[in-house]
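Beneath this line is the structure, given in structure tokens, with notes to follow.
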Amino acid sequence: MPEPTISIAALRRHVVAHQGYTTRFRRAGADAVEAEIRRLSCVQLDSISTVERSHRITLSSRIGAYPRGTVSELLGRGRVFEYWAHEACLLSVDDFRLFRWRMRGRGHWGSHERALDDHPEVAEHVLDEIRARGPLGSRDFAGEGGEGMWDWKPAKRVLDSLWDRGELAIAGRQGFQRLYDLTERVIPRRVLEAPEPTREEALRALVIRAVEARGALTESGIAEHYRLPGRTAAVRGHVQALVADGSLRRLRVDDGGAPVLVPGDLPLSESVPPGATLLSPFDNLLWDRPFARRVLGFDHLMEIYKPVGQRVYGYYVLPLLRGDRIVARVDLKADRQAGVLRALAFHREQGVRASAALADAFESALKRLARAAGLERTQAGTG
């Protein structure tokens, strides 16, 4: 039987609607944050706070404003955990066992093993201190790093190596600094004592989780969702088996590109809220850049690490999603001293015309983001 075909327009509506963005202001609590992290499968963390921490933008764009400290509380209570997925991410604690095979191997960064080989005495000291004192950050240990961006002091390298291997877990954050504790004191016993899947069983489960979280993905997009070792080749056999047993469906796309996988029993979403939402540059919708280019017509450009003179759109640029299309890129900066979220530049996407409706949609989205970030006013223009 030939695979059914979906139009690129219907695919676009489905993947955008599936993300569950809100276009009105609302408030959420810890339960909603935990549930949304589970629904999305993982939420990327990033240290840049020019506007707001990325995970807060990602979550508030879907569930609304939530109290600061919520994520740290959820980490400390073992309701979510932090580990390497797409990048460093927040994940549901129920998925902890799906990453044990990576922890028991060489971790996410094989190079972390070098820290333990180079500094065994530091590793012993770090573990002794944490056992005795509870959760600690790298600032609680002496030492200095080198001159490079990632040339950390030995204690920081060891802490991340032990976390990478699953001996330590993140018990919360002070500011944005990780607090490390013994895994058995952070992750619930029911999770640690649950049967551990094999690597192949875990990969199969992660394939399903990625597709359920994103609504539709290509095979390469599934691998990119969790940055899986072996990339597409590592998931292809699992995809075939899951299509065969009905857990996933494979759809052709009328643009002639790679087919997409969708959940086997999930009807395709058609209804997209008509309002506008500002997306984190690290939003889940944008992780697979070729897919974003193909389905959304959006060439995601990150210019954070470019010199000023080489930037086209700005430093911290948030895509503006209106309906099922990205219509603009906005360079934003939070002036926390003045309590203002400033739009430094507004760039309409090609083919998008200036209009009062676009200006109103942007203003609403900007005000909603400002409230979620705890800022009192906005300063904007649509150019």
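Computed over heavy atoms, backbone and side chain alike; hydrogens, waters and symmetry mates excluded.
- With salt bridges taken as basic N to acidic carboxylate O contacts below 4.0 Å, one links R79 and D31.
- Remark: the backbone N or O of A357 is not paired with any side-chain donor or acceptor of D360 at under 3.5 angstrom.
- The main-chain N or O of A328 is never found under 3.5 Å from a side-chain atom of H347 such that the two would form a donor-acceptor pair.
- For R13 and D324, the salt-bridge test fails: no basic side-chain N is under 4.0 Å from an acidic carboxylate O.
- In this structure D46 satisfies the side chain to side chain donor-acceptor pair (under 3.5 Å) test with no other residue, sequence neighbours excluded.
- Evaluation of the salt bridge (Lys or Arg N to Asp or Glu O under 4.0 Å) test over residues 299-309, restricted to residues two or more places apart or in two chains, returns R293-D299.
- A donor-acceptor pair is defined here as one N or O able to donate and one able to accept, closer than 3.5 Å; such a pair exists between the side chain of R336 and the backbone of V51.
- Counted by atom type alone, S138 and Q177 present one or more donor-acceptor pairs between their side chains at under 3.5 Å.
- For the pair R53 and F282, the cation does not sit on the ring face, since its NZ or CZ is not both under 6.0 Å from the ring centre and inside 45° of the axis.
- The pair R325-E349 does not count as a salt bridge, with every side-chain nitrogen at least 4.0 angstrom from each carboxylate oxygen.
- One N or O on the side chain of H300 and one on the backbone of P281 form a donor-acceptor pair closer than 3.5 Å.
- Looking at S54 and S280, their side chains do bring a donor and an acceptor atom within 3.5 Å of each other.
- For CD of E121, the number of neighbouring non-hydrogen atoms (other residues, nucleotides, ligands) closer than 6.0 Å is greater than 12.
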Verify side chain to side chain contact (heavy atoms under 4.5 Å, CB included) between D288 and H225, making sure each step is shown before the conclusion.
CA-CA 7 Å; D288 185 349; H225 187 84; over 6 Å; no
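- Checking side-chain atoms of H86 against main-chain N and O of E224 turns up a donor-acceptor pair under 3.5 Å.
- A salt bridge between D94 and R190 is present, with a side-chain N of the basic residue lying under 4.0 Å from a carboxylate O of the acidic one.
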